[in-house]
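One structure is given below, encoded as structure tokens.
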Number of protein chains: 2
Amino acid sequence: MSNAVKLGQDIRALRKARKMTLEKMSQQLGRSVGWLSQIERGLSVPTMEDLREIASLFDVPLSLFFGTTEAPENEQGRVVRAAARRQIGAYDSGLVETLISPDLTDDFEVIHSTFKPGAEIAEITKRPTTEVVYLISGTLDLWIEDEKYTISAGDSFRIRGDSYRWANPYDIPAVALWVISPPVY
Amino acid sequence: MSNAVKLGQDIRALRKARKMTLEKMSQQLGRSVGWLSQIERGLSVPTMEDLREIASLFDVPLSLFFGTTEAPENEQGRVVRAAARRQIGAYDSGLVETLISPDLTDDFEVIHSTFKPGAEIAEITKRPTTEVVYLISGTLDLWIEDEKYTISAGDSFRIRGDSYRWANPYDIPAVALWVISPPVY
DNA sequence: TCTATGAAAAAATGTGGAAAATTTTCATAG
DNA sequence: CTATGAAAATTTTCCACATTTTTTCATAGA
């Protein structure tokens, strides 16, 4: 599968996750629907400038659109090496999120999250999703619907449409695997 | 939510994962459809003997049906502590699988797998699922459609309906988080 | 009295067809 | 050679109806 196709599929997945139509997206970008359709199917390749605008529209780092390229031929779409994970959602500097899934086209997303010491989520989050999180290392404070939990390495939790927030008041990073369905990125 | 309801929901999830109807399941158990319906909704509680037969029918350990009980009230259905994970799929002694998800009722399942040194899967597996796996520690040899990969801690891989098999020829356990959608247990 | 059954009622799921929405194609202007 | 925009194609969304599956509940049996 060509890089253009893979790139297009990721863009399509990002759009779908936001329940946006080609029409709406093309309006926001000031481009035609036909053009976007071609981009998403890899029949045409967007310029760097286009990509920058798409990344901005979806609030993901531009770098998300690269890195697919780098894996060896036979690992493409199957294996993601630890060092080659793509970064997403660079909103919060206290939280680093990288993509475990090879791309965004599945029914769920798996994200590797590192919560730095002292970091705290900016605002209470509530999404129409099911999220299961496994804490690989560190400790994390978590509130689900005002109920507080302290999560230690090896513990896991699930959020199903409830509001939640987190904080890492401890002095080591908390590292988690975060599974979200349906995709939000 | 009462224990009877939770138990019933897990039983229903197991049945659904196998695309079985109440009718078919009740035949296999030699019980009535109405009775099963009541069990699955927690209106009635199966005897230990019933449970044993259900576990056997689904090829899961009887212990899967316990342990939900033990978590503190406010953690039920939300938090699964490392020490309280329930074991599933006890087929292969070289592989220990425990449930990260609080129950089986989600669109996907998250499983904590430990592949013991020297262990190897008995037969090639092929399922109509998407599976994303993250290796927490150790090393694992993996074959997807005859292509071999050596997966190290921090790496991840995805299987989408392809056949695969694995082996741990190394001398330390490989520990992985396995996400499967739709559920198979 | 309590439990499981089986038939009736209710609910959920599947089907086919038509309309609407979305996406793809492609001739053409820039 | 690239992007546009209108036409064509495809996909999605409703319905109405049939079928399947699940739930309810009166009753027989323990």
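By convention in this document, chain letters (A, B, ...) are assigned in the order of the sequence lines, proteins followed by strands, and residues within each chain are numbered from 1. FYI, side chains are in, hydrogens and waters are out, and symmetry mates aren't considered; it's all heavy atoms of this structure.
Chain B approaches DNA chain D within less than 4.0 angstrom (heavy atoms of the protein), and the contacting nucleotides run 5' to 3' from D:dT21 to D:dC25.
With respect to B:Gln27, the side-chain hydrogen bond (donor to acceptor under 3.5 Å, both in side chains) criterion is satisfied by exactly one of B:Glu23, B:Lys24, B:Arg31: B:Glu23.
A donor-acceptor pair is defined here as one N or O able to donate and one able to accept, closer than 3.5 Å; such a pair exists between the side chain of A:Thr47 and the backbone of A:Asp50. With hydrogens and angles disregarded, no donor-acceptor distance shorter than 3.5 Å links the side chain of B:Arg165 to the backbone of B:Thr125.
Here the P atom of nucleotide C:dA12 and the CG atom of B:Leu22 are 13 Å apart, to the nearest Å. Between B:Arg41 atom CZ and C:dA11 atom P there is a gap of 12 Å when expressed in whole angstrom units.
Among the atoms of the strands shown, base atoms are found under 4.0 Å from some heavy atom of B:Ser32. Counting any heavy atom pair closer than 4.0 Å across all strands shown, B:Lys16 reaches sugar-phosphate atoms only and no base atom. Backbone-only contact: A:Thr21 has heavy atoms under 4.0 Å from sugar-phosphate atoms and none from a base. Within the 4.0 angstrom heavy-atom criterion, base atoms lie near B:Gln38.
Remark: B:Phe108 engages no residue in a ring pair (Phe, Tyr, Trp, His ring centres under 6.0 Å) (not counting sequence neighbours).
In a base pair of the Watson-Crick type (N1 to N3 plus N6-O4 or O6-N4) or a G-U wobble (N1-O2 and O6-N3), with each distance short of 3.5 Å, D:dT23 is matched with C:dA8. Nucleotide C:dG30 has D:dC1 as its partner under the Watson-Crick or G-U criteria, with both atom distances under 3.5 Å.
By the 4.0 Å N-to-carboxylate-O rule, A:Arg160 lies too far from A:Glu131 to be salt-bridged with it. Taking a cutoff of 4.0 Å between a charged side-chain nitrogen and a carboxylate oxygen, A:Arg78 and A:Glu75 do not qualify as a salt bridge.
Two residues, B:Met20 and A:Trp35, neighbour DNA chain D, and the one matched to the more 5' nucleotide by heavy-atom proximity is A:Trp35.
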